[in-house]
Amino acid sequence: MSDLIESTAWRALSAHRAAQSGVTLRALFGADPKRFETFSLRSGALFLDYSKHPITRETMALLVALARDRGVERWRDAMFDGERINHTEDRPVLHVALRNRSDRAMPVDGRDVMPAVRSVLSRMRTFSEAVRSGVATGHTGERITDVVNIGIGGSDLGPLMVCEALRHHADPQHLRAHFVSNVDDTHLVETLRGLDAHRTLFIVASKTFTTQETMTNAASARAWLVASLRDERAVAQHFAAVSTNVKATSAFGIAPERVFEFWDWVGGRYSLWSAIGLAIAIALGMDRFEELLAGGHAMDEHFRTAPLDANMPVILALLGIWHINFHDRGSHAVLPYDQYLHRLPAFLQQLDMESNGKRIDRAGREVDYATGPVLWGEPGTNGQHAFFQLLHQGTHVVPADFIVAAEGPHRLGVHHQLLLANCLAQTQALAFGKTTAEALVELRSQGMTDAAAQALAPYKAFPGDRPSSTILLDRLTPHSLGALIALYEHKVFVQGAIWNIDSFDQWGVELGKQLAGRVFEVLEGRAPADALDASTRGLAALIRSRPGH
Ligand code: G6Q
């Protein structure tokens with residue numbers, strides 16, 4: 001058995017879990033009128049209510065003891081100190097330096113990285129302002145109106161999610177931002193369809209500058225531009241790049257002053273704070289981007305200094321551990337009641353599942369406990385008319401995060417009040433449900449015969465005890481969004497520390513990439529199909545028999 005399972009803290013939690021079985025949220029709320037005050041906290045513009053989880057003060061004390069026992073504080077300090085905590089890639093993990101708004105030095109191998117970080121930020125400001133003001137024009141002197149970010153995974157999801165989330169904060173004018181990620185040519189073709197090459201700026205965002213999808217899309221975008229403007233030299237004014245691979249960017253033909261650097265201590269899924277955020281700076285303005293950084297930094301300071309039992313990311317992480325490891329709940333829903341946050345679940349899906357979807361611990365052993373959950377979600381209220389049925393009455397219990405802003409951005413009638421009412425009502429329905437007896441009373445009061453009411457009541461009953469957290473933002477602003485993203489980053493970090501896994505590598509994406517190379521050769525007719533398995537060979541043969549192959 002692993003150290004984790006054998007630890008005193010883990011055993012105490014297992015015993016506590018057994019003793020707690022049968023305890024309901026109705027009973028917990030009934031017994032403690034101060035439950036909301038006890039199980040909630042504020043950090044800046046974010047308020048977390050976690051009272052609708054099956055926890056008591058003892059549960060939280062035991063979970064915090066587990067975090068302490070697993071060295072969460074030590075790991076946290078090691079990250080901020082630039083230690084090489086991404087051990088399988090032998091790298092520090094220092095995205096917190098990218099949003100460090102203090103004058104604290106952030107060392108990597110004894111050298112402060114802050115001067116380099118600030119220098120790139122200042123170059124991003126100069127460039128984004130030149131594009132936004134119309135000083136940096138296209139090749140034919142026309143103003144840039146559209147920016148197309150070409151990247152995938154960590155080089156796409158973050159800036160895309162932020163641009164969508166903050167559309168209403170564009171300052172002073174909004175350049176249209178587009179994101180092309182999929183190697184499926186539909187993505188590029190459909191994006192370019194409405195664009196004017198004279199007014200379009202491409203950002204090739206790739207840490208490695210070797211990613212197949214991005215390089216394929218970038219080459220096709222380049223060809224489209226040159227064909228439209230009939231001049232190879234146009235590339236210099238219509239392309240910028242963000243990469244750690246400066247050599248490859250110049251080989252592509254991107255002018256050195258349009259190449260924005262970042263570093264190998266920034267993981268892809270943690271890179272929106274780096275120059276990977278250039279599309280954000282251009283679309284929304286550098287001031288907005290810096291406010292986002294400031295929000296992330298505020299959460300970093302909270303995470304770094306707050307005691308574990310009053311530390312928002314630690315609490316979210318521990319609630320996850322409680323559900324995943326002690327209640328066998330392997331799925332987690334993120335439900336933003338905010339249309340602007342419609343890409344947040346997709347972003348968090350990568351953050352969480354690529355970071356903690358691991359089964360080998362830091363000592364190279366297979367773990368004997370569950371790790372990261374299957375994370376998914378969609379905005380409310382839409383989800384209510386779709387998958388919430390399962391959340392309320394299905395056989396799986398899915399802990400959920402509800403995210404909503406107290407104040408909406410627009411003041412259109414009662415829309416925002418209705419949104420808030422729905423959000424709160426859902427958490428209430430999930431937690432407290434409706435008993436069969438209550439359903440019966442309701443049905444009878446509607447004039448139904450006793451027999452009919454008895455028959456229908458089980459369908460109308462809700463079991464309740466479906467846990468959720470509510471994250472209430474004052475408003476959705478660049479600052480509060482920055483804090484929200486950093487909250488989730490640190491939550492994932494804490495869970496990884498407790499599970500003793502490296503949350504910063506992603507070897508699980510490699511095999512598919514390797515195999516795709518081989519299958520591609522077969523589809524192109526350059527390699528025999530014999531080496532493929534029977535299923536893949538059969539599919540490849542079918543595809544190759546189609547006209548045009
Ligand atoms: C993120 C992953 C991955 C990566 C993409 C794009 O943490 O590493 O999603 O961001 O594969 O990689 P490049 O930026 O190198 O093109």
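Computed from a prediction, not measured in an experiment: that's the story for all the values here. Every number for a ligand or one of its atoms is a count from 1 in the order of the listing.
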(request) Return the residue, atom name and 0.1 Å-rounded distance of the protein heavy atom closest to atom 5 (C) of ligand 1. (result) Ile152 O, 3.5 Å
(message) If I apply the N/O under 3.5 Å rule, does Thr214 come out as touching ligand 1?
(response) no
(request) Would you check if the distance from the ring center of Tyr488 to the ring center of Phe347 is below 6.0 Å? (result) no
(message) At less than 4.0 angstrom from any non-hydrogen atom of Ser155, what atoms of ligand 1 do you find?
(response) 10 (O), 13 (P), 14 (O)
(request) Tell me which protein heavy atom sits closest to atom 4 (C) of ligand 1, plus the residue, atom name and distance to 0.1 Å. (result) Gly154 N, 3.8 Å
(request) Could you tell me whether Phe209 and ligand 1 have an N or O pair separated by under 3.5 Å? (result) no
(message) Please list the nearest protein heavy atom to atom 15 (O) of ligand 1 with its residue and the distance rounded to 0.1 Å.
(response) Thr208 OG1, 2.6 Å
(request) Could you list the atoms of ligand 1 found under 4.0 angstrom from a heavy atom of Gly268? (result) 1 (C), 7 (O), 10 (O)
(message) Taking the cut-offs as 6.0 angstrom to the six-membered ring centre and 45 degrees off its axis, would you call Arg123 and Phe260 a cation-pi pair?
(response) yes
(request) Inspect the contact between Glu301 and Arg104 and indicate whether a charged nitrogen and a carboxylate oxygen are less than 4.0 angstrom apart. (result) yes
(message) Can you tell me if Glu213 contacts ligand 1 (heavy atom of the residue under 4.0 Å from the ligand)?
(response) no
(message) Looking at Asp287 and Arg125, is any side-chain nitrogen of the basic one under 4.0 Å from a carboxylate oxygen of the acidic one?
(response) yes
(request) Would you indicate whether Arg359, at its atom CZ, is surrounded by more than 12 heavy atoms from other residues, nucleotides or ligands within a distance under 6.0 Å? (result) no
(message) Among all the protein's non-hydrogen atoms, which is closest to atom 12 (O) of ligand 1, and how far away is it?
(response) Thr211 OG1, 3.5 Å
(message) Within the supplied structure, the quantity of interest is the number of heavy atoms (other residues, nucleotides, ligands) at a distance under 6.0 Å from Asp533 CG; does it exceed 12?
(response) yes
(message) Counting non-hydrogen protein atoms only, what is the nearest one to atom 2 (C) of ligand 1? Give residue, atom name and distance.
(response) Glu354 OE1, 3.4 Å
(request) Could you tell me whether the side chains of Ser2 and Asp368 share a donor-acceptor contact shorter than 3.5 Å? (result) yes
(message) I'd like the name of whichever of Arg269, Gln212, Gln350, Lys207 reaches closest to atom 9 (O) of ligand 1 through any heavy atom.
(response) Gln350
(message) Between Asp505 (side chain only) and Thr88 (backbone N and O only), is there a donor and an acceptor less than 3.5 Å apart?
(response) no
(request) Could you tell me which atoms of ligand 1, counted from 1 in the order shown, lie closer than 4.0 angstrom to a heavy atom of Gln506? (result) 7 (O), 8 (O)
(message) With heavy-atom distances below 4.0 Å as the criterion, list the atoms of ligand 1 near Ser206.
(response) 13 (P), 14 (O), 15 (O), 16 (O)
(request) Please determine if Arg362 forms a cation-pi arrangement with Trp75, meaning its NZ or CZ atom is less than 6.0 Å from the six-membered ring centre and no more than 45° off the ring axis. (result) yes
